[in-house]
Amino acid sequence: MISMSFFEAQKWAFSFINKDDEEKKNAIGLLLMDIRGWNEVQLLENLRTNLTGTEFEQFKKSVKMYQADCPVQYILGHTQFFGHAFQVTEDTLIPRPETEELVEWIILDNPLADAAKKIADIGTGTGAIGISLQLERPNWDVTLSDISEKTLAVARINAINLGADVRFAAGDLLSVLDDKYDLIVSNPPYIATTEVNLMDKSVLKYEPKEALFAQENGLFFYRKFAEEIVNYLKPGGKLYLEIGFKQGKQVAKLFENVGRVEIRQDFYGNDRMVKVTI
Ligand code: SAM
Ligand code: GLN
């Protein structure tokens, strides 16, 4: 077999993609780095190194999956969120950068020196939100919950790998909680079924539908939270939610009689998160 360097393998992969597409170029870069667990600098320094036959075969398989719209995070089996490597599988949503901004809001609202808090992350997926919070605030008592056992199994692996001391509860929304909490956070499914045609092919083809779509024009989970949250928060407790960029006004209305509502925008200036203080 003819040996191929990392540089040539990169050239080979680039021949299948539009080179002006930064996202695609980055994805190929991630696949190349992953072969030997290198970072960007190591890859640049080793472009003339040859891949073994097995490594090139594996890389070819990965590039083919990527061409078939598989998100690079599923091919790699992991992604970065809030500075940590989280395992992802096709049973879990790939955590998004917008969600890091929700974590950041909670961290900034709660200085390290504050008292311990009891918190829950509902619909935790990979555990991205709850685990990141527990690692930032080690004295918090954090419960991760999801309706999907398969998803929760991935969250368990992530908690172990990242050394987060968290609890787990499988079940429907708030029904898994048996106490009152200081803070509840959730990034629930919020895409309206009518929005299917606006979505990225790779999301639709590979990410779990149960993590994305919600009835009632995407508002189902917010209505449920609005109806039930008072039973699960201590007085002065807070609910933080991620929302769809067109849902700010409607979500604020759902919570107007529940507590004080604050809406925040994401990095792109879109309404993206809500805090309700009861
Ligand atoms: N928190 C993760 C994140 O931000 O990356 C995942 C968010 S994903 C948009 C929504 C999650 O809610 C999925 O993991 C899904 O399994 C879970 N879910 C859907 N319906 C649920 C329900 N009725 N009760 C609890 N979790 C639910
Ligand atoms: N932000 C995700 C997307 O656009 C949706 C996440 C969700 O429904 N909570 O695909």
Side-chain angles (χ1 to χ4, degrees), residues 69 71 73-74 78-82 84-106 119-134 142-156 158-159 164 166 168-177 184-225 227-229 232 240-247 251 266-268 270-274:
D69 301 318
Q73 295 90 339
Y74 286 149
H78 55 84
T79 192
Q80 287 292 119
F81 182 88
F82 219 76
H84 310 292
F86 281 85
Q87 183 181 118
V88 293
T89 72
E90 287 180 36
D91 293 317
T92 66
L93 186 95
I94 299 163
R96 308 286 204 268
E98 296 91 299
T99 310
E100 292 181 303
E101 297 187 58
L102 180 65
V103 171
E104 180 117 47
W105 190 9
I106 298 172
I119 88 150
D121 172 11
I122 306 293
T124 194
T126 53
I129 300 174
I131 290 174
S132 301
L133 287 172
Q134 209 281 326
V142 178
T143 299
L144 309 182
S145 128
D146 206 285
I147 197 155
S148 156
E149 294 273 4
K150 282 186 177 166
T151 301
L152 212 53
V154 177
R156 277 179 210 276
N158 282 322
V166 290
F168 298 90
D172 186 27
L173 286 187
L174 298 163
S175 69
V176 296
L177 308 178
I184 293 175
V185 56
S186 181
N187 171 17
Y190 56 66
I191 299 176
T193 38
T194 50
E195 286 176 314
V196 168
N197 47 353
L198 301 176
M199 290 172 71
D200 214 75
K201 245 198 316 207
S202 69
V203 175
L204 269 180
K205 226 162 127 178
Y206 288 94
E207 297 204 71
K209 308 272 175 295
E210 317 74 57
L212 294 166
F213 294 103
Q215 299 299 314
E216 301 176 20
N217 211 16
L219 297 170
F220 172 80
F221 291 97
Y222 304 115
R223 181 176 63 76
K224 295 289 273 186
F225 278 119
E227 284 170 8
E228 295 170 13
I229 198 70
Y232 297 96
Y240 290 81
L241 297 167
E242 181 169 320
I243 58 168
F245 73 103
K246 286 186 280 187
Q247 295 173 326
V251 173
D266 60 20
F267 172 81
Y268 299 101
N270 293 319
D271 285 352
R272 183 62 65 190
M273 46 212 143
V274 173

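We count ligands from 1, going down the list as the structure has it; atoms in each ligand are counted the same way.
- Between N197 and T194 the shortest heavy-atom distance is OD1-O, 3.3 Å.
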Please produce the table of protein N or O atoms sitting under 3.5 Å from N or O atoms belonging to ligand 2, one pair a line, distance to 0.1 Å.
unit_1, atom_1, unit_2, atom_2, d
ligand 2, 1 (N), Y190, OH, 3.2
ligand 2, 8 (O), Y190, N, 3.1
ligand 2, 8 (O), L212, O, 3.4
ligand 2, 9 (N), N187, OD1, 2.7
ligand 2, 9 (N), P188, O, 2.7
ligand 2, 10 (O), R96, NH2, 2.9

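- Protein residues having at least one heavy atom under 4.0 Å from any atom of ligand 1 are L93, P95, T99, G123, T124, G125, I129, D146, I147, T151, G171, D172, L173, N187, P188, P189, E210, A211, F221, listed by chain and number.
- The shortest non-hydrogen separation linking L173 to F225 is CD2-CZ, 4.1 Å.
- Across all their heavy atoms, F82 and S132 have their closest contact at CB-OG, 3.6 Å.
- No donor-acceptor distance shorter than 3.5 angstrom exists from the side chain of E90 to the backbone of Y74, with no hydrogens or angles considered.
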Verify salt bridge (charged side-chain N to carboxylate O under 4.0 Å, His left out) between E210 and K150, making sure each step is shown before the conclusion.
CA-CA 12 Å; E210 317 74 57; K150 282 186 177 166; over 6 Å; no
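- The heavy-atom pair separating G171 from S145 by the smallest distance is O-OG, 4.4 Å.
- Of the listed residues (L102, N187, V103), just one forms a side chain to side chain contact (heavy atoms under 4.5 Å, CB included) with Y240, and that residue is L102.
- Judged by distance alone, with hydrogens and angles left aside, the side-chain atoms of T151 form a donor-acceptor pair with the main-chain N or O of D91 at under 3.5 Å.
- Side chain of N158 to backbone of Q87: a donor-acceptor contact under 3.5 angstrom is found.
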